[in-house]
Structures are given as structure tokens and as C-alpha cells.
Amino acid sequence: MAEVRTRFAPSPTGFLHLGGARTALFNWALARKEKGKFILRIEDTDVARSTEEAVEVILDSLKWLGLYWDEGPYFQSKRLEIYRQYALLLQEKGLAYECFCTPEELEERRQKTMAQGENWRYDRKCWNLKEEEKEKLRQEGRKSVLRFYIPPGETTFIDMLRGEVHFQNEELDDFVIMKSDGMPTYNFACVVDDALMKISHVIRGDDHISNTPRQVLLYQALGFPLPQFAHIPMILGKDKTRLSKRHGSPSVTYYRDQGYLPEALFNYLARLSWASGEEEKEIFSREEIVERFSIENVTKHAAVFDLDKLNWMNSVYIRQADNKYLCSILEEILVRKGRIKPEEITSAHREYWEKVIDLMKERIKYLAQLEEEASYFFTEEVEFDPPAFEQVLGGEEVEEILKDCEEMLSQIEDFRAPILEEAVREMAEKRGVKAAKFIHPLRVAVSGKKVGPGLFELLEVLGKEKVIKRIQRAKNLIKEPRFPQNSGGE
RNA sequence: GCCCCCAUCGUCUAGCCUGGUAAGGACACCGCCCUUUCAAGGCGGCGGCAGCAGUUCAAAUCUGCUUGGGGGCGCCA
């Protein structure tokens, strides 16, 4: 059997979309599974919208996800001569013709036709223009495009997921293959490249189904062998419309920056529209996915992106991950959020952050949550949740409790969780009260929150100095007639 | 409007091709257990074959129609 060659061919007009990432993933997985090649091609024929930055972002995103390519990236903008040659070939064969209609004229005719309740297709106005007529139009300064002549009949192709798909050729109109700026259009460049690059499987979103008959006709006109086509379902938002900004950010970089692990996003994306069939198994390594992957068990219907499930999956990966690895991601987040400058980071910081991670990795869904919801680890001035402050530190005897805690904790030299716990419990027993009587106010005093990790572990990670300072500050704050922070709001 | 694709719990899906075991799992949700709070973990629960015909002894599985959803109809890709 011939070598399996798949490709991912994004156009660099923005970030890598989750849908694109999943398309890349399936192409990559099939190539790996079949010991073939995965090729990257940048479709930058839209001069106005393509940017170099976008190329960088897309490449970074692919690499971050571990979707490494074996060939490329090829840039269509560097292959213009090739497209011109094939365009000329079609023209010589009489399968493509010059069209001088301007976009404005076409729009006018389109409106007119539609107004009569008819479907617009290019009216072949420029089909069979005589050489003198063309020359005259050129003299007028008109630019021309090249249109592909659609023969009568029916076009059928086989989709690996759906079987035969038929289109009446009348539904297709003579589409443009070379633009007036000399650039090829998508359908044309795509076919020429896929053929020349010997792509064996074209795996793309099913929003391309209607392009496929046009491309098939092009393959036939150019005398190229047909690849296998597989149109994979789209990824939709909660409201079942195309996943877009309205659903939160659909970009791979957004999830990277929020502290999602690449292996988790990879796993989640792979499980959209695909399942191995094994029950109770949701967590798959890249290798496990490659081993099990096949186009045949990709579903045909669109999949809704479910952040809850991604969050769950990411939390599973976080719990299993190495602390140093997680720490390096946290570090980037802290820098990006302005908690610290890169040049200020010391090994002591890292040591501390690793402890924070060790303590918190079981209770977070993504790393940025630490900075957002457990800021008390990264700031000196603890912010108090108003309800926590009022309910837990509002009691009559709280000042006394905090005072006792401060005195007791000050005497402990070996500031470790088991020792701290023993001390607090002992103190509670001596007073004849439950340990919770001390635990809750202490937690709020040092973290500002009612919820969080185990108190004694928290105290150990924060360290004696911070703990004492925070208790003192809390004591002072409850003495004040009016709570000074969080003016306004809830 | 025209063309194309799709249809199993709220969501991701297994089962469908090769009709026949109480339609299974995961996320979410709800309870209980554990527990200093929150998580995690354990146990349990809720919840689905879009509808209507047809074929058949038997239909989630095969066929048709209806409905619903998605996509396309650019000198964008």
C-alpha cells in the first residue's frame, strides 16, 4: 500500500482555532498510526488577511500540542509559479477561461437574479470570448480572472465516513481558480498542492464538503489521482453554532495561557468526535490515541465543546503531573499577570511555588486559577472575602482566639503541619472546645477565604513569618469599626 | 431560496454496517460516606434511542417521510 501522507493546511489569518487544532490532530494521528507523514502547509494566498505573526502563533500552537510535522511548512505564496503553470495547462486544454467581469458587475447581476427568486450561478458571460474582445477589454484596463469550466453531469466522491456523496454539476458554477492579482484561489491551490505533495488522505472539516466536488473536478481535469477524503464534524459551542469568540475564546493559545496542559487539551480534543470504544476510559496518552486511532470510528455529527469536561480532564492531568513542570507553567502565568518580574525570580520563589502547587494541585482545574482564586499565596496584603470576614471573624471571641493562636504559633520553631496540628488540637482540648473553633478563624486570617487547602499544610507552606503577620493584621482589622477593604460592590 | 451533511442521556460517546442479552461508559448535576472548609476518593441516584409510517416473529439498529440542527452558495480559506 502506498504511503499515508496527511496534511494540515491552515490559512494564517489568526490564532489556531480549536477546530483547526482538532483537524490537525486527526491528520497527525492517522499519519502516526500508519507510519506515514504529516505535512504542514500554510495557505497564505489571501494577501490582505495573511500575516507572519499568525504563522508564528499557529506553529507555536501546533508545537505546544505536540503536533509535530514531518514536512514543511510549505508556503503557497512561494509556489505561485507552480499554480500558474497548471492554470495555463487548464486554459490550453480549454477547461479554464478568462473572465473580465468586475466584482461590482457580478454583484449587480447576482442581485438581479436573486430578486427574481432564482439561484445565482456565474452566467458564463465571458465564456467563448473572442481574442479581439479580450484584447479590447484589456485595453480598457480591465483585469481578468481565470474560471474553471464546469462540465455538465454529476460528480460523486467517496467520503470515508459517509460513503458516496453526489452533487449535480449545475449546482456548481464556473468558479475562479486564479484571481486578478495573480494568486490562485483556495480550491485550486489546494488541489495542485495536495496532488503534488502526494497527499493520500485529505482530512478536513465537513464545512468543506461542498468544496470537494469542485476539487474532484479539478483533479480530473488536471489528470491527478484522487486522494481519500474524510470530512470530520465541526466543533460547536453550547448553543450549537460554530465555535467562536462568543463562546469564550476558541484559540489554543488561550487555553495554554490559562494553564491547561497540552496533553490534556490534546486528549480532550481527540475525544471530540472520536472514541476508542473502551468503557470507563477517558484518559489517553498521545501514544494510546495513536495506537487506537482510525477514521472509521470518527463520528459524523457535530460535537459541542464542553468546558466542564475539559476542566475535569485537565484537573486529572494536573494531579498526575510533576510539580516542577507545573511550576514552570505557573511561573509564566505569574509573570504575565504582573505578580513578579522575570528577573526577580529566585530559586527560593520556585521552591515556594512548588510547595504551593503540591498543596493545591488536587483542587484546581487550570493553573491560572491559583493566581485568580488563591492570590493569598502571591501577595502580602491578603484580600478578605466579605462574607468570610463577617461570618468567621465577626464573632465576639474571635479576637481572643486569634491572640491565643498568635501566641501559641509564635512559640513553635519547627513550623510543620503535623506539629502545628497537634498544637492547635491540644490547645482546643485544653479550652474544652472543638479544634474547628480555631481552625476556621485562622484560615480566614491567613487566606481571607473560608475555603482552601488543609489549614495546617497551608500554614506550613506560608511559613511562620507570614502567618504571624497575617494574624496580627486580621486582629487589627476586626478592631476597626468599619471594614476598610472592598469598598462598594457586593 | 437552492444544494449538501447530520440526528442515542443536558454534554462527549459505546452499541448501528453483520436487526434479538434490562441501551453501557465519561463529564455535569443530586444524595450519602470520609472530613477543620474546599477538593480528591468511595457508594448510589437522575437522565436518552427526535417523531411518524413501513419491512420483520423481533427495529436504537434496515427503508421512506416529517421535524430539528449544522454547513455551503466570494477574485475568503
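Below, chains carry the letters A, B, ... as their sequence lines are ordered, and counting in each starts from 1. Hydrogens, waters and symmetry mates are skipped; everything else that's a heavy atom, side chains included, is used.
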* Name the nucleic acid region contacted by A:Val304, choosing base, sugar-phosphate or nothing; use a 4.0 angstrom heavy-atom cut-off, strictly under. => sugar-phosphate

* Backbone N or O of A:Trp120 within a donor-acceptor pair of the A:Arg110 side chain at under 3.5 Å? -> no

* Asked: Across the strands shown, which category fits A:His208 at heavy-atom distances under 4.0 angstrom: base, sugar-phosphate, nothing?
  -> base

* For A:Arg204, which contact category applies under a 4.0 Å heavy-atom criterion: base, sugar-phosphate, or nothing? -> nothing

* Using modelled atom types only, decide if a donor and an acceptor are shared between the side chain of A:Arg443 and the backbone of A:Pro453 within a distance under 3.5 Å. => yes

* To do: Confirm from the modelled atom types if A:Arg443 and B:rU36 form a donor-acceptor pair under 3.5 Å, side chain to base only.
  => yes

* Phosphate contact (B:rU13 OP1 or OP2) by A:Ser273 side-chain N/O below 4.0 Å -> yes

* Under 4.0 Å between a side-chain N/O of A:Thr45 and OP1 or OP2 of B:rA77, yes or no? -> yes

* When you compare B:rG20 with B:rC6, how far apart are their C1' atoms, in angstrom units rounded to a whole number? -> 28 Å

* Asked: Between residues 449-462 of chain A and RNA chain B, which residues have a heavy-atom gap below 4.0 Å?
  -> A:Lys450, A:Val451, A:Gly452, A:Pro453, A:Gly454, A:Leu455, A:Phe456

* To do: Would you classify A:Ser315 as touching base, sugar-phosphate or nothing, given that sugar-phosphate means primed atoms plus P, OP1 and OP2, and contacts are heavy atoms under 4.0 Å?
  => nothing

* Expressed in whole Å, how much space separates the P atoms belonging to B:rA7 and B:rC32? -> 40 Å

* To do: Examine the base of B:rG72 for any acceptor or donor lying under 3.5 Å from a partner atom in the side chain of A:Asp207, and report the outcome as yes or no.
  => no

* Is there a donor and acceptor pair closer than 3.5 Å between the side chain of A:Asn211 and the base of B:rA77? -> yes

* To do: Measure from the side-chain heavy atoms of A:Glu279 and tell me the nearest of B:rG25, B:rU36, B:rA77.
  => B:rG25

* Counting only N and O atoms by type, is there a donor-acceptor contact under 3.5 Å from the side chain of A:Asp44 to the main-chain atoms of A:Gln76? -> yes

* First of A:Lys365 and A:Asn187 reached from the 5' end of RNA chain B, by closest nucleotide -> A:Lys365

* Would you indicate what A:Glu280 reaches in the nucleic acid, counting non-hydrogen atoms under 4.0 angstrom: base, sugar-phosphate, or nothing? => sugar-phosphate

* Sole candidate of A:Phe26, A:Trp28, A:Phe284 that passes ring pair (Phe, Tyr, Trp, His ring centres under 6.0 Å) when paired with A:Phe266 -> A:Trp28

* A:Lys300 vs B:rU13: side-chain N/O to OP1/OP2 distance below 4.0 Å -> no

* Asked: Does the distance from a Lys or Arg side-chain N to an Asp or Glu carboxylate O, for A:Glu105 and A:Lys125, drop under 4.0 Å?
  -> no

* To do: Please tell me which of the listed nucleotides, B:rU36, B:rG70, B:rC27, lies nearest to the side chain of A:Lys309?
  => B:rC27

* Remember a base hit wins even if backbone is also touched, and classify A:Ala435 as base, sugar-phosphate or nothing at under 4.0 Å, heavy atoms. => nothing

* Asked: Has A:Arg214 got a side-chain N or O lying under 4.0 Å from the OP1 or OP2 atom of B:rG72?
  -> no

* Looking at A:Arg431 and A:Glu397, does any basic side-chain N land under 4.0 Å from a carboxylate oxygen? -> no

* Asked: Are A:Arg319 and B:rG41 close enough that a side-chain N or O sits under 4.0 Å from OP1 or OP2?
  -> yes

* **Between B:rG15 and B:rU21 - C1' atom distance, rounded Å** => 13 Å

* Asked: Does OP1 or OP2 of B:rU13 have a side-chain N or O of A:His301 closer than 4.0 Å?
  -> yes

* Option from A:Phe148, A:Phe224, A:Tyr219 for which ring pair (Phe, Tyr, Trp, His ring centres under 6.0 Å) with A:Tyr86 holds -> A:Phe224

* Asked: If only side-chain N and O atoms of A:Arg425 are considered, is one of them under 4.0 Å from the OP1 or OP2 phosphate oxygen of B:rU36?
  -> yes

* Kindly say if A:Lys240 contacts the phosphate of B:rU11, meaning a side-chain N or O under 4.0 Å from OP1 or OP2. => yes

* Using a heavy-atom cut-off of under 4.0 Å over every strand shown, decide if A:Ser276 touches base, sugar-phosphate, or nothing. => nothing

* **Sidechain N-carboxylate O distance under 4.0 Å for A:Lys309, A:Asp306** => no

* Asked: Picking from B:rC75, B:rU36, B:rC2, which would you name as closest to the side chain of A:His440?
  -> B:rU36

* Quick one: which of A:Ile177, A:Leu222, A:Ile199, A:Val202 gives a side chain to side chain contact (heavy atoms under 4.5 Å, CB included) with A:Val191? -> A:Leu222

* Phosphate-side-chain proximity, A:Thr299 and B:rU13, N/O vs OP1/OP2 below 4.0 Å -> yes

* **Integer angstrom distance from the P of B:rG64 to that of B:rC17** => 15 Å

* Looking for any heavy atom pair under 4.0 Å, which part of the strands does A:Thr185 touch: base, sugar-phosphate only, or nothing? -> sugar-phosphate

* For the base of B:rC5, is there a side-chain donor-acceptor partner from A:Arg162 under 3.5 Å away? -> no

